[in-house]
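A note on names: the letters A, B, ... follow the listed sequences, proteins ahead of strands, and every chain is numbered from 1. Keep in mind that what you see is a predicted model, and the values were worked out from it rather than measured.
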Amino acid sequence: MDTAERFDLATRNTAEVVEESELEALFEEGSPSAYIGYAPTGEMHIGHFTTMRKLADFLNAGMEVTVLIADLHAHLDDNKSPFELLDARSAYYRESIEAMIDAAGADADAIEFVRGSDFELDEEYTLELLRMAAETTVSRAQRAGSEVVRESDSPKLGSLLYPLMQTLDVGALDADVAYGGIDQRGIYMLSREVLSDHGGQAPVCILAPLLSGLSGGKMSASDDASKVNLTDDCDAVVEKLDGAYCPAGEREDNGVLEYLEYLVFPVIAERGAEFHVERPEEYGGDLTYDSYADLEADFRSGELHPADLKPAAGAYISRVIDPVRRHLRERPELLREAYPETYD
RNA sequence: CCGCCCUUAGCUCAGACUGGUAGAGCAGUCGACUGUAGAUCGACUUGUCCCCCGUUCAAAUCGGGGAGGGCGGACCA
């Protein structure tokens, strides 16, 4: 595979790359390393799943991939995870992420897993954190984390340490590429600005689009109807899709289309399969698509109606998450221990 | 260490001065209308009024104590 192909693979289906020329240079030189961090807070959902698909692209492009389970960040962000639950939630996240990577068509064994508290308490790291804290203004740290850290009328100091630590993580993991959702942009721009003064080098940032929620607007972790959970059974998935915001012919804010584009089609393409839509004879009979572009074209023209698309989308999404769902059901203690209030 | 303010529905808050066991907006649920959803109408649901003790026939409301949160002052050899 030549450099251009590797570049295309690594950057397809992304929202932004900062800077493309730097990424090209990295591919010219050899095998760049990439990392993505997940703070083990609430239950994982389909939004997480869509970012996993990219890790398969990275591996196929000959990159080294590290997944960081950022346990301390989970606690630092407004106590989203209580300190006592960090072990259980880290275990649950790691298992779920491995299952998602496998389900997305990549090899989880090829990915290195690291837990934040394993290195973020090292003396060297801590000292650098304090030096950075001395140099960074409160407003700069707030701005960097504003899209990531939970808003509060009484923000804790931890919310300001959060972006600084994420910046040091890039250096500590020796990552050439920082991968994350576009909401991470503010933090990684801070990283590019200051990391070279703290023992690292500015990362190339590959930023994934944030998917719309099923109820219109942004997907909300706290709104159950706006997202598909990994543990939702097939009926629940179909029901959520049936209730989804999905104006005929419109792509804007259309979570149904986005799930198909960023999750379903990449995965079925990996398997060489097609997307089949059942449709009553009165509206023209069944349809089959082998690319998302064709499906979107039909949807925009009005040929493909939401009422026919939704049940098909629900069934395919359910099929994609099925291996993950089964894995979590075989190990019920993972969820029970990570979320004792919900699963006792 | 001292002082002041806040705590009522899932969320944002009103009600407290002048006691009669609670309201609005948003959210949510359900119908109608669209071959989906949304929008729009129509209907509906929701509460240890932070906790304890006291006064009273009666306390979200008054008095005392406590908890949690916020703000300010003081201290700065």
A:Y92 six-ring centre to A:R89 NZ/CZ under 6.0 Å and within 45° of normal: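 Judged by the rule, A:R89 and A:Y92 form no cation-pi pair.
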When the ring planes of [X] and [Y] are compared, do they come out parallel, tilted or perpendicular, using 30° and 60° as the limits?
X	Y	result
A:Y125	A:F119	perpendicular
A:H48	A:Y93	perpendicular
A:Y188	A:Y35	perpendicular

According to the Watson-Crick and G-U wobble definitions, with both distances under 3.5 Å, which nucleotide is paired to [N]?
N	answer
B:C13	B:G23
B:U55	none
B:G42	B:C30
B:U7	B:A67
B:G73	B:C1

What integer distance in Å separates [X]:[atom1] from [N]:[atom2]?
X	N	atom1	atom2	answer
A:E239	B:A37	CD	P	13 Å
A:E303	B:G35	CD	C1'	14 Å
A:L214	B:A37	CG	P	14 Å
A:K156	B:G70	NZ	C1'	11 Å
A:N79	B:G69	CG	P	11 Å
A:R279	B:G35	CZ	P	16 Å
A:Y245	B:A37	OH	P	13 Å
A:D242	B:G35	CG	P	16 Å

B:C2 to B:A60 separation - P atoms, rounded to the nearest Å: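 These two P atoms come out 32 Å apart once rounded.
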Among B:G35, B:U36, B:A37, the one nearest A:Y283 by side-chain distance: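 The listed nucleotide nearest to A:Y283's side chain is B:G35.
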Candidate nucleotides B:G35, B:G70, B:A37, ranked by approach to the side chain of A:P247 - the nearest: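 Between B:G35, B:G70, B:A37, the one nearest the side chain of A:P247 would be B:A37.
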A:S154 or A:G243, whichever maps to the more 5' nucleotide of RNA chain B: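 The answer here is A:G243.
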Distance-only polar pair, side chains of A:H276 and A:T288, donor-acceptor under 3.5 Å: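 Checked: A:H276/A:T288 side chains pair up, N/O donor to acceptor below 3.5 Å.
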